[in-house]
Amino acid sequence: MSQYEAVESEKKWQQKWKEWEIYKFDPCSPKPVFSIDNPPRYTSGSLHLGHATGYSLIDFAARYKRMRGHNVFFPLCFDVNGTPTEIKVEKKHGITKLNTPRQEYVRLCSEFANSFIDEMTKQFEMLGESMDPTIYYQTDAPYYRRITQITFLRLLEKGIVYKGTFPVNWCPSCTTALADAEVEYSDNITKLNYIKFKIKGTDEDVLIATTRPELLSACQLVAVSPEDESKADLVGKELITPIYGKAIKVIADDKVDPSYGTGVVMICTIGDKTDLEWVMKYNLPMDRAIDEQGRLTSLTGKYEGMTVKEGKQAIIEDLKASGLLVRQEDTKQNVGRCWRCHHPIEYLQMPQWFLKTMDYKDQILKLADEVEWHPGFMKVRLQDWVNSLQWDWVISRQRYFATPIPVWECEECGKVVPAEESQCYVDPTVDRPPVDECPDCGGRLVGCTDVFDTWMDSSISALYNTFWERDDEKFKRLYPMSMRPQSHDIIRTWAFYSLLRCYLMTGERPWDHIMIHGFIMAPDGTPMHSSIGNVIDPLPILEEYGADAMRYYACTCALGEDNAFREKDVIHGKRLCNKLWNIGKFTGMVVKEKPEMKGIQPMDRWILSKFSRVVRNATAYYEAYQFDRAMREIEDFAWHEYADHYLEMVKHRTREGDDGVRFTLYTVTLGIAKMLAPLMPHVTEDIYQENFLNLDGARSIHVSSWPEEVLISEEDEKKGDLIKEVISSIRAWKAEKGFPLNREIELIELIGPSAMELKGYESDIVETSRAKSLKMVVEADLEDEVVALKPIKSAIGPTFKQKGKEIMDLLASLDPAQAGPAVEKGELTLTLGDGSSVTLDKRYVEVQRKLTLEGKAVDTLQVRDILIAVSP
RNA sequence: GGGCUCAUGGUCUAGUGGUUAUGACGUCUCCCUCACACGGAGGAGGUCGCCGGUUCGAAUCCGGCUGAGCCCACCA
């Protein structure tokens, strides 16, 4: 068998890992803890490629830290609350929250969401994710919701959460309040309607442009710009609204753009965010033209009961018929929409629960500075969001499938009676209040029917993970967590709310590091959306190429950047697996017992030094969460230095009892496998188990020790590189001549002073290039000629600065045959335009030679300053 | 409108001041050499988006422009 069978092997090791429980977090271990505030995966069905990539990136960090001797906390977890599930369940069963009893509705949602958990867990396993099921949690479980409720009760006691009646974002389709973070915007073309308003007490008209004529009945005020002289006489007058005949005052306000529409704005309760500002500023009455379900109210008269869309159409028809609609034109509009159902949002004033955010902006920014961001530029996103906040966070939702708000309210006086902490988890729509009646007025207590925004749950994952309120000792040891991984789209939600909530409960940051990964795009670079139908399912990829190949793709994605899916990289990953596996096999054939470091030869020192450098660099990349760089560093070395050159050069040594080559093969192959183990856990485990198990001693490569530097020697690397280049040039020469690479050649002669430095490497050159004999000489018996002088810019520039260009121009004009020997003796003196002179030697100029001789059939090759004569 | 990221051979990509710009895929030639043909050796293929500036020297630093993606704001 000469092929690595990925799919088969992966299944085998996944099964073993499960048996061995190698991912288990040990709360009693003295080892340092590395804890990951893993994103609880939303139970919306199977994973798509973006999730697979994201979780792989997290797993890289987890596995790396485990091998560095950390006690890794990496929980398997799921997020089960919320609207997305509700929407899917409503579609599936054809229900709404209005026509289904609450408990039944919740049961259906819970059943639906939980039905995915087993399958999703299996998918994580197939990807090789090293999440620990012994510290499992899901956000809808009583043990988790209990913590959410307790944090709320504490904040309520401190006055940080409060109930208030303010206009909020409202989704008429989901019939619930939404936080600003849950509103997304999309471009839209709509009609701008020019409508005649009568000026009260005259026959004159004023034209007002509006996109929302259906709100005419809730028109409270008309505004013009104070800059606009042509409208100045209107200020202070009253206008009469069409259809409703209501008298409306005209005022001047800075916010009005005199050039848009007619420069006259009608302010309604409430059309958009600017209306909202005006409502606050002028303290306008909160007449409602639209109800919770997005239908027009009785305020609109005969339009009552119509949807916003129908009402708009009807009122436009009526205005047209009575000649009040002068004209319509298209206008671009950015409509706020519900993040999940995409229905346009309205602003409605409703009693809601709020959590104070405006008071804590500075603290959040300070906390954000304490956390180390990977990559650093992502911190700006959070800062921008915090600075742009204008309202407190609406935390109540008029939905069912989420954590209930643990309060009861008095029917008579409205007094709020919170649950006792000991009662939590509690559902006030089912459970009894802590007291039988209102302590103030004796009225009946009614359970709160609102639930929390689901970010109330997920924003305390760091508290839940660290046993906050469950085990003080563990909490002290585990908080703050080491790292929060997440994608950039939820910086303004998950990252922000987590910082806020954890700060409010502990006064400290929730984590030391935050790692932000980008999005995976479709192959053409457009975002994946189920509505476009370009979502990529990772399962067929896993089945065809294996998880390690898929993970190889994942680690070519630099942190924080969006990446189009490149199947080619997956295929390449599969090839790399095969290459590594064969390197392992080759090593296993040679190395049968654990070798000691002895009998090391020059080329061994060369590769060991390069290897040690790779250990150093790759480790630094891992520490900085730069997995793409770590992979490149290790792969380049493993494939194109170690396999292509070192292994080829030492094959002739493996037959004899050569200690040096055994030690080197053992050290480097094992080291490569270990360094790649976090990224490609299956194939590296296979290599380990097959070739190193009894030699290295750990049960699994994933709990083995990280490789160490053996030696670093610039001298050995330089010489080895030179040998490599000599051998390569001979190979290239064979290829050019059309010879097979294993063809024997008569003679290789290395000519030049530098050639003498290669003493000790003769056998490597001879064996690898199949030469019958090899000579090294300082001066050739043959005639040679200098053919070119090459300025070494990196030496000339820093030394001669602005004279550099002139020197290089002069060099180019010289006759190489004459100037070459002068350079070699260090006697080439040039006179510059300003009368000064400079002397150049080999540090500044490379002398290129060519053999010219008659008679003998010899080809010449040049490697740096060594001339190679080859006799076929 | 603001912010962030990006622009490099046909495609994807590395590269934050210094010899001839990296690698992969594809393509062409050669080689089944006893770890690997999912391999190896070699070749062809690039005005490093455009315009200025700084510098002895710019793919790299600065400014402007063009285009793409993401985030945010937003006009009734």
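In the text below, chain A, chain B and the rest are named by the order of the sequence lines, each starting its count at 1. Everything numeric here is computed off the predicted structure, so don't read it as measured data.
The shortest distance between the side-chain N/O atoms of W581(A) and the OP1/OP2 oxygens of C38(B) is not below 4.0 Å. A close approach under 4.0 Å does occur between a side-chain nitrogen or oxygen of R629(A) and OP1 or OP2 of G15(B).
With both ends at atom C1', the span from C30(B) to C70(B) equals 47 Å, rounded to whole Å. The same atom, P, is picked in C36(B) and in G46(B); the two are 37 Å apart, to the nearest Å.
One can place CE of M521(A) at 5 Å from P of C70(B), the figure rounded to the nearest angstrom.
Among the atoms of the strands shown, only primed sugar atoms or phosphate atoms (P, OP1, OP2) are found under 4.0 Å from some heavy atom of W639(A). Across all strands, D562(A) comes closer than 4.0 Å only to sugar-phosphate atoms, never to a base (heavy-atom distances).
Distances were taken from every side-chain heavy atom of R492(A) (C-beta onward) to each of C71(B), A41(B), G3(B); the shortest belongs to C71(B).
The residues R770(A) and E767(A) are annotated as not salt-bridged, no charged nitrogen and carboxylate oxygen being separated by less than 4.0 angstrom.
Between the side chain of T768(A) and the backbone N or O of I765(A) there is no donor-acceptor pair closer than 3.5 Å.
Comparing R770(A) and F800(A) by the nucleotide of RNA chain B that holds the closest heavy atom to each, the one mapping nearer the 5' end is R770(A).
When each of I672(A), D686(A), I634(A), D548(A) is tested with L580(A) by the rule side-chain contact (heavy atoms from CB on, under 4.5 Å), just one qualifies, namely I672(A).
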| Pairing pattern in dot-bracket form [Watson-Crick, G-U; both distances under 3.5 Å; | = partner strand] for RNA chain B | (((((((..(((.....[....))).(((((.......))))).....(((((..]....))))))))))))....

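Here the CG-CZ distance, from L499(A) to F496(A), works out to 8.0 Å after rounding to the nearest 0.5 Å.
Residue side chain K579(A) reaches the base of C36(B) through a donor-acceptor N/O pair under 3.5 Å, judged by distance alone.
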